[in-house]
Enquirer: 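Let me give you the structure first, and then I'll get to my questions.
Naming: A, B, ... by sequence-line order, numbering from 1 per chain. Given the structure is predicted, the values throughout are model-derived calculations rather than measurements.
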Number of protein chains: 2
Amino acid sequence: MITPQVLTMTLQQAGMRITPQRVAICKLLAESEEHPTAARIFEQVKVLFPSISLATIYNTLETLVNLGVVNVLGHAGDDQVHYDAEVDPHVNLACIACHRIVDLPSEHVTHLDHEITAASGYKLLGARVLYYGLCPACQAAGSPSHPLRKSQTGIQ
Amino acid sequence: MITPQVLTMTLQQAGMRITPQRVAICKLLAESEEHPTAARIFEQVKVLFPSISLATIYNTLETLVNLGVVNVLGHAGDDQVHYDAEVDPHVNLACIACHRIVDLPSEHVTHLDHEITAASGYKLLGARVLYYGLCPACQAAGSPSHPLRKSQTGIQ
DNA sequence: TAATTATTTATAATAATTCTAAATAAAGAA
DNA sequence: TTCTTTATTTAGAATTATTATAAATAATTA
Ligand SMILES: [Mn+2]
Ligand SMILES: [Mn+2]
Ligand SMILES: [Zn+2]
Ligand SMILES: [Zn+2]
C-alpha cells in the first residue's frame, strides 16, 4: 500500500510544483484499489475540481510513470489504459467480462526483478504483470449484465 | 516455439475456415520473434497478399486471442498493441527507447499459472508479463537515433 | 508589487482500432 | 459441374482514446 505522500513528494523531488490538482490525482491513485483509467480518475477528481481538464490527468500520469512510481497495466478489454500506483511486485488479475482488475500477492513475482536484471542487463523502469480471464462471478453469471461493444468483449 | 500449424488447427477446430490470409497471418505470428503489432503484420502479409485488409488482421488476431493461442502484450511506448504467439510462460522485456521486445525464460513465471488459478478461482485465458526499461545497447547509446513523438518516449 | 515561469484549461488534431456493407470465396447439395 | 448458402474479405467510414496547441491562470521569486 503506497501513500499519497510518496507520490506527491516524488513529483516535488523531480522539481515539479505541488498543485491541488496533482495532489488530488495522487491521492486518488494511492487510495484506489481499482487500477483506474484516465477517464475514471477524471470523473472522480472532477467532483472536487469541477474545472479540471483531462490533459492534466494525462500529463500527471505520464510524469508519475516516467518517475517509476506508477505502472501501466494496459487495456483490460475496455479500450482504456489502466494504471497501478502499487509498483511492488504482484500479479494483477483482470476479468475480461466485468473489466475489474484485482491484486494477487505472489511469492514468485517478488523474485522476478532480480532474476531479470541479472539475466538481461536491462535497467528496469516498470512492470506489467497482468493475467486475464474470467472471475468466479462472471464464470457463474455466463455473461455480463450490460451490453458491450465488440471491442469490449475481449482483451487488447 | 509454436508452429504455424498449431494456430491454423486451432482456428479449424473452432469451426473457422482455413483461408490463405489466415494461414499467412498465423505463419507470420508463429515464426516472428519480434512481438509484432497489427500494422507490422499487415505490411508483411501485404507482400504476399497485396489486397489484404487491416480488418482481416484485426479480426484474426482477435479470434486467436480469444482462443488463447495468442497473448496481448499491450503498448510498448509506440501507441500500438503488440501480440505474442508464444503463450508458454516467459518474461517479455521491452526497451522504451528502441521499442524492441525480447523473450526471457524464467523459472519463476512458469509457476505463476498454477499459483494464480489455485489462489483466485479465475479461469485464465492469457497473460501479459512485460517488464520495461532500457536495453544494454540503449543504455550505452544514451538516446535513440530517430526522433520520436512525445507519446513514443515512454510506455503506455 | 511586478516579472517570470510552470501549470492548467479548453479545444483541436491525430491515429489506432472498430464498424458497415458490398464483393468474394468456400463448402455442401444435387 | 452448377446452384445455394454461408463465411470471409475488402474498402472505406466512423469512433474514440490520447496527444498537441495556445491562451488563461497560478505559483514563485525578487
Ligand atoms: Mn495492482
Ligand atoms: Mn514473448
Ligand atoms: Zn468478472
Ligand atoms: Zn533499446
Enquirer: Nearest whole Å is fine: how far is C:dA6 P from A:Leu11 CG?
Expert: 16 Å
Enquirer: What is the distance, rounded to the nearest whole Å, between atom OH of B:Tyr58 and atom P of D:dT10?
Expert: 15 Å
Enquirer: Distance from B:Ile41 atom CD1 to B:Leu54 atom CG, nearest 0.5 Å?
Expert: 10.0 Å
Enquirer: Taking A:Ile96 as the starting point, is it possible to reach B:Val69 by hopping between hydrophobic residues whose side chains are less than 4.5 Å apart?
Expert: yes
Enquirer: Rounding to an integer number of Å, can you tell me how far A:Glu62 CD sits from C:dT7 C1'?
Expert: 15 Å
Enquirer: When you measure from every atom of DNA chain C, which of residues 22-43 of chain B have a heavy atom less than 4.0 Å away?
Expert: none
Enquirer: CZ/A:Arg22 to OG1/A:Thr63 distance, rounded to the nearest 0.5 angstrom?
Expert: 6.5 Å
Enquirer: If each of B:Gly15 and B:His75 is mapped to the nucleotide of DNA chain D with the nearest heavy atom, which maps nearer the 5' terminus, i.e. the 5' end?
Expert: B:Gly15
Enquirer: Using a cut-off of strictly less than 4.0 Å between a heavy atom of the residue and any atom of DNA chain C, enumerate the qualifying residues of residues 47-54 of chain A by number.
Expert: A:Ser51, A:Ile52, A:Ser53
Enquirer: Tell me if the aromatic rings of B:His35 and B:His82 count as close, with their centers under 6.0 Å from one another.
Expert: no
Enquirer: So, does A:Arg128 use its side chain to make a donor-acceptor pair with the main chain of A:Val72 at under 3.5 Å?
Expert: yes
Enquirer: Do the side chain of B:Asn92 and the main chain of B:Val129 share a donor and acceptor less than 3.5 angstrom apart?
Expert: yes
Enquirer: Determine whether a donor-acceptor pair (N or O, by modelled atom type, separation under 3.5 Å) exists between the side chain of A:Gln80 and the backbone of A:Thr37.
Expert: no
Enquirer: Figure out the CD1/C1' separation between B:Ile57 and D:dA11, and round it to whole Å.
Expert: 14 Å
Enquirer: Rounding to a whole Å, what distance do you find between B:Leu61:CG and C:dT17:C1'?
Expert: 12 Å
Enquirer: Locate the shortest heavy-atom distance separating A:Tyr132 from B:Ala127; write the atom from each residue and the value.
Expert: CE2-N, 3.6 Å
Enquirer: Could you encode protein contacts along nucleotides 23-30 of chain D as a string, one character per nucleotide from 5' to 3', using B for base contact, S for sugar-phosphate-only contact and - for no contact, with a heavy-atom cut-off of under 4.0 Å?
Expert: ----BS--
Enquirer: Just the rounded figure in Å: distance from P of D:dT16 to CD of A:Gln80.
Expert: 11 Å
Enquirer: Picking from D:dT10, C:dT8, D:dT8, which would you name as closest to the side chain of A:Thr56?
Expert: C:dT8
Enquirer: Side-chain heavy atoms under 4.5 angstrom apart, residues restricted to Ile, Leu, Val, Met, Phe, Trp, Tyr: same cluster for B:Leu124 and B:Leu73?
Expert: no
Enquirer: Could you tell me how far apart A:Asp78 (CG) and C:dT18 (C1') are, to the nearest whole angstrom?
Expert: 15 Å
Enquirer: Is there side-chain contact between A:Leu61 and A:Leu29, with at least one heavy-atom pair below 4.5 Å?
Expert: yes
Enquirer: Are any side-chain N or O atoms of A:His99 and backbone N or O atoms of A:Gly77, one a donor and one an acceptor, separated by less than 3.5 Å?
Expert: yes
Enquirer: Could you check which of C:dA16, D:dT8, D:dT9 has an atom nearest any side-chain atom of B:Asp79?
Expert: C:dA16
Enquirer: How many whole angstroms separate atom CG of A:Asn59 from atom P of C:dA10?
Expert: 14 Å
